[in-house]
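Okay, structure first, notes after.
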Amino acid sequence: YSNRVISTEEIMSLFGPPNIGKLSNKKDVKGLIKALSFKEKGDSQEFYTIRTDAVMALGEIGDKSAVDPLVDLLILYNHIQYNEIFKEKENLVLAIAQALGKIGDSKAANILCSFLQNMRKKAPWHLQVEFVKAISQVGNKNHIDTIYSLLRDENLKIRSAALEALEKLDFKPEEREDCLDYWIAKKQYGKYKVYNEKDLEALTNEIRVIYQDPITSVEDKRIPYLA
């Protein structure tokens, strides 16, 4: 007889795929965490479906013991290339971000932020939005700078998600030396003080070109000139 330890994946392969619905109904967190290790030969659709369903169930249950296994699973995809192959894994990655957001443990913030930074300008916008939301839900303020930088993104949905996330994280613009992007995103241009015509022209340009607001000149009354 061999003394080799049998892995979880091998045990699951002997008894077939786990019944996620049954495990979810019983709120069997340990069973669902084990299901995250389910693996078949090759990258089958069933492989991703079972893992994704297990992740979603853990998110709904909200038990914090699932955070570390979910983080470990997300780390596996942190440097993946965004191509046709990745699209098969997209639902799984999306589900992990949403589950971590629902559970709301701040220790998940680092991997969520790292993943968001790695996917910038490459991943679909809706995936980036979900990671922004998740970061705000776990309530870690250490990554406000990363969220703030998204206020300049060319995608309106990402900018809006970033603004909502900052509000949720209780962002205080008065504590930031340069808060122009924040007030522009909120369309409260008068909150940003300008003291000369050159600054006023620059602000107008920012609003018109970067944020696609149909502002046409420095005469716009929404930008009071403060002498």
Side-chain angles (χ1 to χ4, degrees), residues 5-80 82 86-119 123-124 126-144 146-147 161 164-165 168-170:
V5 177
I6 301 176
S7 68
T8 302
E9 291 88 345
E10 290 175 304
I11 293 174
M12 285 186 174
S13 67
L14 293 174
F15 296 98
N19 187 324
I20 302 301
K22 186 176 180 180
L23 293 171
S24 179
N25 290 336
K26 292 169 60 178
K27 297 190 185 313
D28 186 348
V29 174
K30 289 184 178 180
L32 289 167
I33 289 174
K34 287 181 179 178
L36 298 180
S37 301
F38 173 74
K39 190 172 184 179
E40 289 189 322
K41 293 181 180 179
D43 276 1
S44 72
Q45 188 60 48
E46 185 179 28
F47 163 75
Y48 291 110
T49 299
I50 288 174
R51 281 192 170 188
T52 301
D53 289 347
V55 167
M56 292 172 66
L58 288 168
E60 291 300 324
I61 294 171
D63 193 301
K64 292 195 174 184
S65 66
V67 172
D68 286 339
L70 289 171
V71 166
D72 289 342
L73 186 58
L74 187 57
I75 288 172
L76 294 177
Y77 299 98
N78 198 15
H79 296 285
I80 199 162
Y82 293 87
F86 175 79
K87 289 182 180 179
E88 299 177 5
K89 304 173 178 65
E90 186 178 312
N91 288 338
L92 174 56
V93 170
L94 184 66
I96 296 172
Q98 292 173 334
L100 288 172
K102 288 178 180 178
I103 296 172
D105 193 317
S106 62
K107 66 182 178 181
N110 285 343
I111 181 60
L112 287 168
C113 190
S114 175
F115 207 104
L116 176 63
Q117 290 174 319
N118 286 338
M119 73 167 72
H126 66 273
L127 192 57
Q128 297 181 57
V129 164
E130 289 302 326
F131 272 78
V132 171
K133 288 180 180 178
I135 292 171
S136 70
Q137 288 173 315
V138 301
N140 191 317
K141 297 184 179 183
N142 293 332
H143 301 291
I144 278 183
T146 297
I147 300 298
E164 290 179 18
K168 193 174 182 66
L169 291 169
D170 196 27

- Spatial distance of atom OG1 (Thr52) from atom CZ (Phe47) [nearest 0.5 Å]: 9.0 Å

- Query: Which heavy-atom pair separates Val138 from Gly101 by the least distance, and what is that distance?
  - Reply: CG1-CA, 4.4 Å

- Note on the structure: In terms of heavy-atom contacts, Val129 and Ala161 come closest through CG1-CB, 3.9 Å

- With side chains defined as the heavy atoms from C-beta onward, is the minimum distance between Ile20 and Thr49 less than 4.5 Å? no

- Write down the atom of Ala97, the atom of Ala134, and the distance for their closest heavy-atom approach. O-CB, 3.3 Å

- If you look at every heavy atom in Pro17 and Glu46, which pair is closest and at what distance? CG-OE2, 3.5 Å

- Query: What closest approach, in Å, do Ser106 and Asn140 show between heavy atoms, and which atom pair accounts for it?
  - Reply: O-ND2, 3.5 Å

- Query: What distance separates Tyr48 OH from Lys89 NZ, expressed to the nearest 0.5 Å?
  - Reply: 3.5 Å

- Message: Return the NZ to NZ distance between Lys102 and Lys133, rounded to the nearest 0.5 Å.
- Response: 11.0 Å

- Query: For Ile111, what residues pass the side chain to side chain contact (heavy atoms under 4.5 Å, CB included) criterion, not counting sequence neighbours?
  - Reply: Val71, Leu74, Ile75, Asn78

- side chain to side chain contact (heavy atoms under 4.5 Å, CB included) partner of Leu32, chosen from Leu23, Asp63, Asp53: Leu23

- Are any non-hydrogen side-chain atoms of Lys34 and Pro18 less than 4.5 angstrom apart? no

- Item | Which atom of Ile103 lies closest to which atom of Ala66, heavy atoms considered | CD1-CB, 4.2 Å

- Query: Would Leu100 and Val67 satisfy side chain to side chain contact (heavy atoms under 4.5 Å, CB included), going step by step from the backbone distance to the final call?
  - Reply: CA-CA 7 Å; Leu100 288 172; Val67 172; 4.2 Å; yes

- Take Leu70 and Leu36, measure what side chain to side chain contact (heavy atoms under 4.5 Å, CB included) needs, and give me the verdict at the end. CA-CA 8 Å; Leu70 289 171; Leu36 298 180; 4.1 Å; yes

- Message: As an exercise, state the distance from CD1 of Ile96 to OH of Tyr77, rounded to the nearest 0.5 Å.
- Response: 7.0 Å

- Task: Output the distance between atom CD (Gln98) and atom CG (Asn91), rounded to the nearest 0.5 Å.
- Result: 9.5 Å

- Query: Does the side chain to side chain contact (heavy atoms under 4.5 Å, CB included) test come out yes or no for His143 and Gln117, once each step is laid out?
  - Reply: CA-CA 11 Å; His143 301 291; Gln117 290 174 319; over 6 Å; no

- Message: Checking Lys107 now: which residues fulfil salt bridge (charged side-chain N to carboxylate O under 4.0 Å, His left out) with it, not counting sequence neighbours?
- Response: Asp68

- Message: Could you tell me if the side chain of Val93 sits less than 4.5 Å from the side chain of Phe115, heavy atoms only?
- Response: yes

- Are side-chain heavy atoms of Ile147 and Ser136 found at a separation under 4.5 Å? no

- To the nearest 0.5 Å, atom CG of Leu169 lies from atom CD of Gln137 at 10.5 Å

- Query: Side chains of Pro124 and Glu90: does their closest heavy-atom pair fall under 4.5 Å?
  - Reply: yes

- Item | Residue pair Val29, Leu58: steps toward the side chain to side chain contact (heavy atoms under 4.5 Å, CB included) verdict | CA-CA 7 Å; Val29 174; Leu58 288 168; 3.9 Å; yes

